[in-house]
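Side chains included, hydrogens not; waters and symmetry mates left out as well; all remaining heavy atoms used. This is a predicted model, so every value here is computed, not measured. Within every chain, numbering begins at 1; the chains are lettered A, B, ... in the order of the sequence lines, protein sequences first and strands thereafter.
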There are 4 protein chains.
Amino acid sequence: MRKSPKQQRSQKMVDALIEATGRAIAEHGLAHASTNHIAVLAGVSVGSLYQYFDSKGALLEALLDRLSRDLAGLIDQRIDSLLDADVRSTVHGLLSAVFAFMQKDEGLYLELARNWHQLHSMRVVDVLERHMFEVCRLYLLRHLNQFRIANPHAVLFVIINSTLMTLIRYLSQPNSHLRKDEIIDCLSDMLAAYMQSLNEAPVKA
Amino acid sequence: MRKSPKQQRSQKMVDALIEATGRAIAEHGLAHASTNHIAVLAGVSVGSLYQYFDSKGALLEALLDRLSRDLAGLIDQRIDSLLDADVRSTVHGLLSAVFAFMQKDEGLYLELARNWHQLHSMRVVDVLERHMFEVCRLYLLRHLNQFRIANPHAVLFVIINSTLMTLIRYLSQPNSHLRKDEIIDCLSDMLAAYMQSLNEAPVKA
Amino acid sequence: MRKSPKQQRSQKMVDALIEATGRAIAEHGLAHASTNHIAVLAGVSVGSLYQYFDSKGALLEALLDRLSRDLAGLIDQRIDSLLDADVRSTVHGLLSAVFAFMQKDEGLYLELARNWHQLHSMRVVDVLERHMFEVCRLYLLRHLNQFRIANPHAVLFVIINSTLMTLIRYLSQPNSHLRKDEIIDCLSDMLAAYMQSLNEAPVKA
Amino acid sequence: MRKSPKQQRSQKMVDALIEATGRAIAEHGLAHASTNHIAVLAGVSVGSLYQYFDSKGALLEALLDRLSRDLAGLIDQRIDSLLDADVRSTVHGLLSAVFAFMQKDEGLYLELARNWHQLHSMRVVDVLERHMFEVCRLYLLRHLNQFRIANPHAVLFVIINSTLMTLIRYLSQPNSHLRKDEIIDCLSDMLAAYMQSLNEAPVKA
DNA sequence: CATGAATGAGAGTTCATTCAT
DNA sequence: TATGAATGAACTCTCATTCAT
């Protein structure tokens, strides 16, 4: 970012541009979301756009960062009430919250998720993965006596990404015949069963 | 495809172009893989490219289709020996084969997987998902007495996509500190545990 | 047109581009008048060309429209002084004016007329024909008692197009041994004789 | 033409290519009538096309030449029966024949006339004009005592081109509400009246 | 600071022409 | 002699970026 937004006005402009970027991608796909179009959607000139962002790439980065931060914040909001619950309830609660989140802002995030494959989207997953690692660490600390995990790094990687990536896959499909609560239920069940099994028959690796 | 390649030479050209497309994307990313660049990599002229493919998009489709077909074929090769095994062994076997596959062709597929987010990659997942659905159906028929699944559509969606998408995620990371057999083990364990649990406490949905 | 030219500068650009288009066609023929070439002649970049015109076709349309409009305006200028004269004088006056017009702008229009066959030039004739129809209608109204025309549509079509198309044909020839006033005289005589004859022996159709 | 067609086969090929050229232009317009397309329509390969014609331009020239020759031949066929008639009947007869000609060959020539403005079509008019000059000369010789023309070059130019160009203009319009016999009648009347008037009040020039 | 007209490199695509078979 | 796959220059058009106002 060229300028640190010192004034309210600047911050608003930055926000408007990021949101416009999201909206432009949602409408036209990444390839046809031009800087001019973004500027129009944001209600400013292209020149102004370049006063706050070095390049189109910087705009995209900022959008993905905001998306990551928003999703991470969402998790943090619920974390306290979820850390005490059992695995199934925790996963269930988190996924429900994510789904709810995706539908706000007039479906902007949903539309973005549908254009997921066009975004340099792994950045968001990276951030979320790191965040979820931390959440999981906290969760496991609280339930220390319940779980004995031989290879926590790999297990957490599989758990977190199975959930996130299946969610992305589900959201990427424009017309699925599956309801979101069916997906949430199955994912919750799967993770609960896996966590349960880890105690009974420890992982070999 | 504009011309049906009747001669060996033509088929070779088609293959060369598809491979060059893969290589160009792997090297420079989808956005900078221009038709001219692809033609140079394939050792032919742009004109030739357009004698065999209607557009750049058609080339990409062909590449993704070949990737899908190759991966589907890979599954089919192993299917007989895997259908009789238990869930864990089956998943383990399949994933091992996929990993092996990704490393041939001088790592082209691996590099493609790393650029996954730039591809219209859901096409491949679509095909693989459909293929895996069929494989799972066959598997469940053979082990009819072992599994009672209340909501097979949702369960299969979660099982298949958890595996595929986690795999993609793993392959997308250039430098993971996790070894591939750790991932395979965990995924195998998770699915085995899930399948097992379905009999004991049937899904609610 | 992509942008409505709000400022003087914009209108100048539009004009420069249209004129450059005319010049490019006059110099190299329609087939070799590329957008880049036109932009260079206009002293701007290709990008600017496409900010003011949607396509090369739109540029050509604009050129032809300007030509039509200019010629139509030319007719309107003289209309009052011509409507009262006899047929011969009217035709004579109009054609003289057209010839004069073709020689201004450093002979651009003359050169365009010589490349006539390469233009989608019927558009200009269409407009001029419609305009001339109206002029002729006014003329006939003023001389109502002189002419009784059985099939006015066909007669006007033949009168107008004989004049226009013969003029075009004459201008298309780079080196004619006929002087323009010879052509004007003959055309005037022919139309005068024809109009005269219509009263004496009405058309059969 | 690269080769003088020594054998029947060659002549057939040349003819087939010229006709295919006409058909391709009639179907797709000059700009989109590619050599490959022409070759396909002619039932030969592009390579063969280039054995008989140096370039696409040469093909177009040959087509226009054939068109000119065919039209000139048409005039010659009727010439004897027309030279003795009065001006009106002669013009009427000639135009009727031309219209009939345009409708043979499944309307190929008609379609070509509609694409007239895209052709380098003045070549045809050139040839026809020269031919018509000769015909008119013969006509005037036979009716020497009837017509006294002060400026025969200009008069013939206007007469011939008024007729030809108005005809072209009429044929160029896809949907005219005027019938062809209306056009023929008016043109005949006009020329007859003009010729008549030349005796009464000689041209001034 | 904001603007948006201007830029121009580079994209995808076409097609007249050639030449090894 | 006939073929048609291969060529590549040239085309139209886009859009991230700049800079005079």
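Summarising the geometry, the separation between CG on D:L41 and C1' on F:dG4 is reported as 16 Å, rounded to the nearest angstrom. Per the geometry, CG belonging to B:L17 stands 14 Å off P belonging to E:dG12, to the nearest Å. When the P atom of F:dA6 is taken as reference, atom NZ of B:K12 falls 12 Å away, rounded to whole Å. The CZ atom of B:F53 sits 12 Å away from the P atom of F:dA6 (whole-angstrom rounding). As a whole-Å value, the separation of D:I25 CD1 from E:dC15 P is 14 Å. Counting to the nearest Å, the P atom of F:dC15 and the CG atom of C:D54 are 13 Å from each other. As a whole-Å value, the separation of C:H28 NE2 from F:dC11 P is 11 Å.
The shortest distance between side-chain heavy atoms of D:L112 and D:L63 falls below 4.5 Å. Counting heavy atoms from C-beta on, the side chains of C:I25 and C:L60 come closer than 4.5 Å.
For A:D15, the side-chain hydrogen bond (donor to acceptor under 3.5 Å, both in side chains) test picks out A:Q11, with sequence neighbours left out. In terms of the side-chain hydrogen bond (donor to acceptor under 3.5 Å, both in side chains) criterion, residue partners of D:S45 (sequence neighbours excluded) are, by chain and number, D:S48. Evaluation of the side-chain contact (heavy atoms from CB on, under 4.5 Å) rule for A:R23 yields A:E19, A:E27, A:L41, A:E106, A:L108 as partners, not counting sequence neighbours. Listed by chain and number, the residues in a side-chain contact (heavy atoms from CB on, under 4.5 Å) with D:V125 are C:R169, D:W116, D:M122, D:N161, D:L164, D:M165, D:I168 (sequence neighbours excluded). Residues forming a side-chain contact (heavy atoms from CB on, under 4.5 Å) with A:E111 (at least two apart in sequence, or on another chain): A:A26, A:R114, A:N115. Every residue meeting the side-chain contact (heavy atoms from CB on, under 4.5 Å) condition with A:T35, not counting sequence neighbours, appears here in chain and number order: A:V46, A:L49, A:Y50, A:K56. Take C:H28 and apply the ring-ring contact (aromatic ring centres under 6.0 Å, His included) test, not counting sequence neighbours, and it matches C:H37.
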A correct dot-bracket answer for DNA chain F, with pairs being Watson-Crick or G-U at under 3.5 Å, [ ] for crossing pairs and | for inter-strand pairs, is .||||||||||||||||||||

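Taking side-chain N and O atoms only, C:Y50 has no distance below 4.0 Å to OP1 or OP2 of F:dT14. Dashed line: the shortest gap from a side-chain N or O of C:Y52 to OP1 or OP2 of E:dA6 is under 4.0 Å.
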Could you run down the sub-3.5 Å N/O contacts of the protein with nucleotides 7-11 of chain E?
from	atom 1	to	atom 2	distance (Å)
E:dT7	OP2	C:S45	N	3.0
E:dT7	OP2	C:S45	OG	3.1
E:dT7	OP2	C:S48	OG	2.8
E:dT7	O5'	C:S45	OG	3.4
E:dG8	N7	C:G47	N	3.4

